[in-house]
There are 2 protein chains.
Amino acid sequence: MTVKQLTLPELTDSCVRLGIPGVGLWREPVRAYGVEAAAKLVRDAGLTVTSLCRGGFFTAIDPAERARALADNRTAIDEAAALGTDTLILVAGGLPAGSRDLPAARERVADALSVLAPYAGERGVRLAIEPLHPMYAADRCVVSTLTQALDLAERFPAVQVGVVVDTYHIWWDEAAPAAVARAGAAGRIHAFQLADWTTPLPAGVLTGRGQLGDGVIDMREWKGRVEAAGYGGAIEVELFNEGLWARDGEEVLGEVLARYEEFAG
Amino acid sequence: MTVKQLTLPELTDSCVRLGIPGVGLWREPVRAYGVEAAAKLVRDAGLTVTSLCRGGFFTAIDPAERARALADNRTAIDEAAALGTDTLILVAGGLPAGSRDLPAARERVADALSVLAPYAGERGVRLAIEPLHPMYAADRCVVSTLTQALDLAERFPAVQVGVVVDTYHIWWDEAAPAAVARAGAAGRIHAFQLADWTTPLPAGVLTGRGQLGDGVIDMREWKGRVEAAGYGGAIEVELFNEGLWARDGEEVLGEVLARYEEFAG
């Protein structure tokens, strides 16, 4: 998504040229290209699929909507398995229209996980709950802190359900470092993502994620925390940024690499 | 600030006509009108000044800037005393330019409070730390949760330092209800403010506060929590909203009253 201007073949070519060993994919471009074809493309390029983004959106009250969400998530788990990644990233979903009940919405997320976790486990896919910044609590994700995500994950085996540590969403939270340590000790850090926090935020607050080093987050410190917690997996950089999308994709990827070295390496 | 289109005399007239018994004031219009004149205007109208907004902005590193901030806050305390309100609302301030150290910035807030709290106490003014939503942590307020604000306040006597409970900033936080109870038990809820959360957020995320009932926050539930915690003070409605500012101010005030009755009364 950081370089969504690139087609999948352009993306894999650029990764190979730049020496990037793995890539996190999003479902929409994968489905448009064909799941099996995408799997072959990435495999033939010698790349790892670090994660698939995203399942989730579990907060509907309407039974038919809930059934559709569960079915779609089973499909996402199958897609992750077909791509050869062990990690499906989940975004919980926001409040249903007209609802003001956050605790009930959060409990519906847990209910959905109890259905999906065994299904994922049987296919070698780990569900990774991504807490999103509290500014998304109403319309996108009722799981707002790493502590909350971890509390949810801990209802299930670690090989089935864990969390995503994304600097953009948790950097402000003084309780997050302890949650990182707790998640790592339990083997529940299933993905680690970097993005920087820059202001002012754009309207809708979706596309303001900063290039590494442009904002206020100490990337090296968060990487150190995650590593100290025992994480040795991929480090993904996930930027939603209109400015980066408007540029040449491979140039952006190269810049991400350079910034990573400068601010987190 | 909800009806900043009104002059101070228009505001007091509208409050009297609508039966609103008190009003929270901001420093800028008060200073423009004259502090003593404003105090007389409100007093002659039979209104209470529920709070003065705002002091704070304590996070500068530069010694001269820090000294200026402390001096300005002493002035704000004097203004609050002159207006006859017992509550000065504080916004901590964001990260200084170039800094990525949130814990250090938060500690500088505590340092400033230790200087100002006795000064305020001697003048019968309580400092009320307002945690702002985490989306403001970088550029406006490094105190992001009610728990954090309360932890800071508890370093000082309750008659000197407490917290602001503002639904807009804390509604998403599952730890906030317990913090409300803890703050109330300690006599540290020094202000209670209502605003609703609506999406999408506008660019800059400053002027998107929703009219009561337009968003996802259960006002009645939060009012119940605050009252159950022993709070019996004023209930302020603080909306920063371009749409409301563009309308007739007294009409907006009347609508606020009606919405308050419908959603919180």
Side-chain angles (χ1 to χ4, degrees), chain A residues 94-107 131-145 147-149 151-152 167-177 196-208 210 213-222 263, chain B residues 94-107 131-145 147-149 151-152 167-177 196-208 210 213-222 263:
Chain A
L95 285 170
S99 170
R100 295 187 171 94
D101 193 344
L102 270 179
R106 287 167 176 155
E107 211 42 51
L132 295 201
H133 191 284
M135 69 186 176
Y136 301 116
D139 55 356
R140 195 157 297 261
C141 185
V142 295
V143 177
S144 302
T145 65
T147 305
Q148 241 172 3
D151 287 346
L152 264 173
T167 57
Y168 189 78
H169 297 301
I170 68 169
W171 74 277
W172 59 272
D173 180 6
E174 69 179 356
D196 213 339
W197 182 275
T198 55
T199 54
L201 294 165
V205 299
L206 282 176
T207 56
D214 282 353
V216 297
I217 304 177
D218 189 328
M219 297 295 161
R220 195 168 276 115
E221 187 168 43
W222 284 103
F263 291 98
Chain B
L95 285 169
S99 170
R100 295 187 171 94
D101 192 344
L102 270 178
R106 287 167 176 156
E107 211 43 50
L132 296 201
H133 191 284
M135 69 186 176
Y136 302 115
D139 55 356
R140 195 156 296 262
C141 185
V142 296
V143 177
S144 301
T145 66
T147 305
Q148 239 171 7
D151 287 346
L152 265 173
T167 58
Y168 189 78
H169 297 301
I170 67 169
W171 74 276
W172 59 272
D173 180 4
E174 68 179 356
D196 213 338
W197 182 275
T198 55
T199 55
L201 294 165
V205 301
L206 282 176
T207 56
D214 282 352
V216 299
I217 304 177
D218 189 328
M219 297 294 161
R220 195 167 276 115
E221 188 168 40
W222 285 103
F263 292 97

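Chain naming here is simple, since letters A, B, ... match the order of the sequence lines and numbering starts at 1 in each.
With a threshold of 4.5 angstrom between heavy atoms, Leu102(A) approaches chain B through side-chain atoms but not through N, CA, C or O. Contact annotation for Thr147(A): neither backbone nor side-chain heavy atoms come within less than 4.5 Å of a heavy atom of chain B.
The two residues Ile170(A) and Ala176(A) come nearest to each other via the heavy atoms O-CB, 3.8 Å. When all heavy atoms are compared, the tightest approach of Ile217(B) to Trp197(B) is CD1-N, 3.5 Å. Considering every non-hydrogen atom in both Pro131(A) and Ser144(A), the closest pair reads CB-C, 4.1 Å.
Under the salt bridge (Lys or Arg N to Asp or Glu O under 4.0 Å) criterion, Asp214(B) pairs with Arg259(B), not counting sequence neighbours. Checked against salt bridge (Lys or Arg N to Asp or Glu O under 4.0 Å), Asp151(A) has the following partners two or more places apart in sequence or in another chain: Arg182(A).
No other option in Ala137(B), Pro200(B), Ala175(B), Gly208(B) has as many heavy-atom pairs under 4.5 Å with chain A as Ala137(B). Chain B forms the most heavy-atom pairs under 4.5 Å with one residue out of Met135(A), Glu221(A), Arg106(A), and that residue is Met135(A). Between chain B and the options Gly204(A), Ala138(A), Pro134(A), the largest number of non-hydrogen pairs under 4.5 Å is found for Pro134(A).
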